[in-house]
Chemist: 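After the structure tokens below, expect a handful of questions from me.
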Protein chains: 2
Amino acid sequence: MARTQGSHSGITGPKVREAAIRLFAENGYAAVSMRKIATEVGVQAGALYNYTPDKQTLLFDLLKGHMEELLGARAETPAPDDPARALEQFTRFHIRFHHERPEAVFISYMELRNLTPENFEVIEGLRRQYEDQLEDILRRGVASGAFDVTEPKIATMAVIAMLTGVNTWFREGGRLSLPEVEEIYWQMVRKAVMASVGSNQG
Amino acid sequence: MARTQGSHSGITGPKVREAAIRLFAENGYAAVSMRKIATEVGVQAGALYNYTPDKQTLLFDLLKGHMEELLGARAETPAPDDPARALEQFTRFHIRFHHERPEAVFISYMELRNLTPENFEVIEGLRRQYEDQLEDILRRGVASGAFDVTEPKIATMAVIAMLTGVNTWFREGGRLSLPEVEEIYWQMVRKAVMASVGSNQG
DNA sequence: GTCTATAGTCGGATAGAC
DNA sequence: GTCTATCCGACTATAGAC
């Protein structure tokens, strides 16, 4: 007697993750039903519960996995001692990493409010770890005299917001390549934090 | 014979808008039911349909109202001829205006995907009108030699993303006042786009 | 590991009384 | 303008067969 249908392929787990990321990014967590995810994967809704205890945990695991990937990728990159070089590396890394995972990035910003408070705290802790890396670079640059930044925490938030914004408009195949975009943003970041040679109007 | 309950006050319309903005911001459009909005207002769900034909139109009207308020407030402010002064004014205006309406701002960024395609186009058109104002300032500054910006469109997106990011972390009563934050951001924006006196490493 | 079937709940929107 | 009552559909999660 044959199985009726469904994947039975042994790779349903990853397919659930992929389908959930895409659907959550497109429609939002609350608007996506377990049935839709199941249809996308090619199984029935009930079968999803072999891979996640519930919908909330599915969202949490996606966000946690994304943040751990981010921190892992950063950890693999040796950080230059020179603050200016470290800042350039951070800038290019952030743009590239976020460009490669637009959907996970989108969810990580948009669906935080759909996490339970306990789950939210975990994700926020991971995010803070990432932000602290940029803040450390800025503080070292201030100490060395390379940067002129009165409020490293604010500059950290400003730079990250600016860089993450690339995902809202950049599309492959447009007028500019990603390396060109990286260079433009790096020049803006560099000028924004560098020690100025003379003051301007303002 | 007296009315059973409900507002009957003649101001239910504004209360519906306010409740919807707050609840959509807190929980997301899809996660908020008409019943929840009605409870917040103090009426029954059916009464809401005296004020909006459906939930989608309610969301659309909120976003459209917000964008029109934004453009209206800009239009009331006389724009300086000098590009640097115009940029400073834009920077401070953006931070202040967005600070005063955190919930509407949040919805305007998060709930775009829950608009029908036709409604989305309308909101995007209004947003583009606003962005074009900054882009014009940057182009004028490049023409006058005051700014060093190779890609005004990208700089526009970068500056707006950076400024809007204030809403994600700034809280009244913290270490810094809003005018202080304005000043810090203005200095970063100014340095990022100003014509540099000498080049750096990078 | 997946299926079918179903429980129990909640959703948007409408009809008609007052 | 608001109420009550309701239609009808969709949802999460579970139970038990295969």
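In the text below, chain A, chain B and the rest are named by the order of the sequence lines, each starting its count at 1.
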Chemist: With respect to the side chain of B:Arg35, which nucleotide from C:dG11, C:dT2, D:dT2 is positioned closest?
Modeler: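 Among C:dG11, C:dT2, D:dT2, the one nearest the side chain of B:Arg35 is C:dG11.
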
Chemist: In whole Å, what is the span from the CD1 atom of A:Ile37 to the P atom of D:dC11?
Modeler: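 Result: 11 Å.
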
Chemist: Whole Å only: how far is the CD atom of A:Gln56 from the P atom of D:dA13?
Modeler: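 Result: 10 Å.
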
Chemist: Would you say D:dT4 has OP1 or OP2 under 4.0 Å from some side-chain N or O of B:Gln44?
Modeler: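 For D:dT4, OP1/OP2 do have a side-chain N/O of B:Gln44 under 4.0 Å.
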
Chemist: Whole angstroms only, please: what is the CG-P distance between B:Asn50 and D:dG1?
Modeler: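 One finds 6 Å between P of D:dG1 and CG of B:Asn50, rounded.
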
Chemist: Distance check needed: D:dC7 C1' versus B:Tyr49 OH, whole Å only.
Modeler: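 It is 13 Å, rounded to the nearest whole Å.
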
Chemist: Can you find a side chain N or O atom of A:Ser33 that sits less than 4.0 Å from OP1 or OP2 on D:dC11?
Modeler: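 True: A:Ser33 side-chain N/O within range (under 4.0 Å) of D:dC11 OP1/OP2.
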
Chemist: Determine whether the side chains of B:Glu111 and B:Asn114 contain a donor N or O and an acceptor N or O closer than 3.5 Å.
Modeler: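 Note: B:Glu111 and B:Asn114 side chains meet the donor-acceptor criterion.
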
Chemist: Ignoring backbone atoms, establish whether A:Tyr51 has a side-chain N or O less than 4.0 Å from OP1 or OP2 of C:dT2.
Modeler: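 Yes, within the criterion.
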
Chemist: Do B:Tyr185 and B:His94 have a side chain donor and acceptor closer than 3.5 Å?
Modeler: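 Side-chain D/A pair, B:Tyr185 to B:His94: absent.
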
Chemist: Measure CG/B:Leu48 against P/C:dG11 and give the value in whole Å, please.
Modeler: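 From B:Leu48 CG to C:dG11 P: 13 Å.
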
Chemist: Could you give the OH-to-C1' distance, from A:Tyr29 to D:dC11, as a whole number of Å?
Modeler: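 In whole Å, D:dC11 C1' lies 12 Å from A:Tyr29 OH.
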
Chemist: By nearest atom, which of the nucleotides C:dA13, C:dT2, D:dA13 is closest to the A:Lys55 side chain?
Modeler: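 Nearest to the side-chain atoms of A:Lys55, counting from C-beta on, is D:dA13.
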
Chemist: Taking the six-membered ring where the residue is Trp, are the ring centres of B:Tyr130 and B:Phe90 under 6.0 Å apart?
Modeler: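 Ring-ring flag for B:Tyr130/B:Phe90: true, centres closer than 6.0 Å.
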
Chemist: Is any side-chain N or O of B:Thr12 closer than 4.0 Å to OP1 or OP2 of D:dG1?
Modeler: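 Answer no for this pair, as no side-chain N or O of B:Thr12 is under 4.0 Å from OP1 or OP2.
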
Chemist: Is a donor from one side chain sitting under 3.5 angstrom from an acceptor on the other, for B:Asp132 and B:Gln129?
Modeler: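 Short answer, no.
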
Chemist: Where each residue is assigned the nucleotide of DNA chain D containing its nearest heavy atom, which of A:Lys36 and A:Pro53 is assigned the position nearer the 5′ end?
Modeler: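 Nearer the 5' end of the strand: A:Lys36.
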
Chemist: Please find the pair of heavy atoms, one from B:Lys36 and one from B:Ala31, that lie closest to each other, and give the distance.
Modeler: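 What the structure gives for the nearest pair is NZ-O, 3.0 Å.
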
Chemist: Can you tell me the distance, in whole Å, between the CG atom of A:Asn27 and the P atom of D:dA10?
Modeler: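 Rounded to the whole Å, the gap is 16 Å.
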
Chemist: Could you give the CG-to-P distance, from B:Asp54 to C:dG11, as a whole number of Å?
Modeler: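 Atom-to-atom, B:Asp54 to C:dG11, this comes out as 17 Å.
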
